[in-house]
Amino acid sequence: MKTLLSAETIAQRVRELGKDISESYGDTPFIMLVILKGSFIFAADIARAITAPNFTMDFVRLSSYAGTSSTGKVAIHNDDVERLKGSKILIVEDIVDTGNTLVWFKEYLNQNGVTDVKICSLLEKSSVHQNRITIDFCGFDIPDKFVVGYGLDVDGKLRQLPYIAEYKGES
Ligand code: 5GP
């Protein structure tokens with residue numbers, strides 16, 4: 001597998017993102033809403049890089065991928081959004097590919113009365129989503145390749161890699 005982003009490169013960028021998020025929110029309370037499962041490692045690191053004091057963490061599971069391609073249909077596995085109403089939300093996502101997941105999820109939140117929503121994504125494939133969605137805090141813009149590691153999986157595997165690599169189908 002070809003390493004795309006080393007552990008050191010990721011750590012450095014996560015520190016910068018933590019600083020940007022802290023400056024943006026200051027003392028204002030917000031909920032960091034982590035999209036499971038792929039964002040769990042990024043979320044653990046970014047949470048510890050944020051020095052703004054007033055945030056809590058919450059989790060929601062969305063899914064749209066099977067193997068290495070998007071199913072195009074987004075499913076939510078914990079749809080109790082009442083708890084989010086009236087709060088500022090910072091979505092933490094691992095990667096924005098087509099943008100389908102977050103376009104759908106933002107709309108879903110809006111329809112349920114959750115309107116103050118910002119997005120932090122470690123990765124984006126801007127050549128694929130072509131500005132369908134605004135990412136307020138983005139780590140890296142990567143080429144249109146399927147990547148694994150640092151929380152990102154292929155059929156549940158390889159999430160544990162400390163770096164991000166391009167996956168070409170090898171085991
Ligand atoms: P989108 O809806 O933006 O096309 O895709 C979002 C979700 O698809 C991500 O949260 C992630 O779970 C999955 N995904 C998209 N691209 C990749 C990729 O390159 N590698 C992995 N492992 N998952 C991806």
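Computed from a prediction, not measured in an experiment: that's the story for all the values here. All residue numbers refer to positions in the sequence shown, counting from 1. Side chains are part of it too, since the values below use all heavy atoms of this structure and drop only hydrogens, waters and symmetry mates.
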State, to 0.1 Å, how close [X] and [Y] come at their nearest heavy-atom pair, and which atoms those are.
X    : Y    : answer
S22  : A52  : OG-N, 3.4 Å
A43  : M57  : O-CE, 4.1 Å
V103 : I133 : N-CD1, 3.6 Å
K157 : Q160 : C-OE1, 4.5 Å
V92  : I46  : CG1-CG2, 4.4 Å
M32  : A47  : CE-CA, 3.9 Å

- Check step by step if side chain to side chain contact (heavy atoms under 4.5 Å, CB included) holds for I95 and L122. CA-CA 6 Å; I95 185 165; L122 177 67; over 6 Å; no

Within this structure, what is the [atom1]-[atom2] distance for the pair [X] and [Y], rounded to the nearest 0.5 Å?
X    : Y    : atom1 : atom2 : answer
I142 : L123 : CD1   : CG    : 5.0 Å
I91  : L109 : CD1   : CG    : 5.5 Å
T9   : F140 : OG1   : CZ    : 6.0 Å
T98  : Q130 : OG1   : CD    : 11.5 Å
T101 : K106 : OG1   : NZ    : 14.0 Å
F42  : S121 : CZ    : OG    : 7.0 Å

query: Hey, mind stepping through I21 and C120 against side chain to side chain contact (heavy atoms under 4.5 Å, CB included) and telling me if it holds?
result: CA-CA 9 Å; I21 292 167; C120 170; 4.0 Å; yes

Exercise. Using the rule that two of Ile, Leu, Val, Met, Phe, Trp, Tyr join whenever any of their side-chain heavy atoms come within less than 4.5 Å, decide whether V128 and I35 are in one cluster.
Key: no

ILVMFWY cluster, F146 and Y163 together (side-chain gap under 4.5 Å)
yes

Take E107 and Q111 through the test side-chain hydrogen bond (donor to acceptor under 3.5 Å, both in side chains) and record every step on the way to the result. CA-CA 6 Å; E107 181 62 24; Q111 282 173 0; 3.0 Å; yes

Practice prompt. Please determine, by modelled atom types, if N54 and Y25 share a side-chain donor-acceptor pair under 3.5 angstrom.
Written response: no

Margin query: Can a side-chain donor-acceptor contact be found between D141 and S126 if the only test is distance below 3.5 angstrom?
Written below: yes

Less than 4.5 Å apart, side chain to side chain, heavy atoms only: is that true for [X] and [Y]?
X    : Y    : answer
T28  : K88  : yes
L36  : V34  : yes
R132 : N100 : yes
I119 : L102 : yes
D97  : H129 : no
L84  : L33  : yes

What do the steps show when you test K118 against S24 for side chain to side chain contact (heavy atoms under 4.5 Å, CB included), and what is the final call? CA-CA 11 Å; K118 285 189 173 163; S24 173; 3.5 Å; yes

- Message: Tell me whether E82 is salt-bridged to K85, with the criterion being a basic N under 4.0 Å from an acidic carboxylate O.
- Response: yes

Quiz item: Is the shortest distance from a Lys or Arg side-chain nitrogen in D153 or K37 to a carboxylate oxygen in the other one below 4.0 Å?
Solution: no

Checklist line | Atom CG of D144 with >12 non-hydrogen neighbours under 6.0 angstrom | finding: yes

task: Apply side-chain hydrogen bond (donor to acceptor under 3.5 Å, both in side chains) to the pair D94 and Y150, showing each step before the final yes or no.
output: CA-CA 9 Å; D94 51 1; Y150 197 68; over 6 Å; no

Which of V147, I164, L158 passes side chain to side chain contact (heavy atoms under 4.5 Å, CB included) with M1? Answer is L158

* Any donor-acceptor pair under 3.5 Å linking the side chain of R13 with the backbone of G139? -> yes

Before giving the answer on side chain to side chain contact (heavy atoms under 4.5 Å, CB included), spell out for D58 and V60 the whole-Å C-alpha distance, their side-chain angles and the decisive distance to 0.1 Å. CA-CA 7 Å; D58 208 329; V60 66; over 6 Å; no

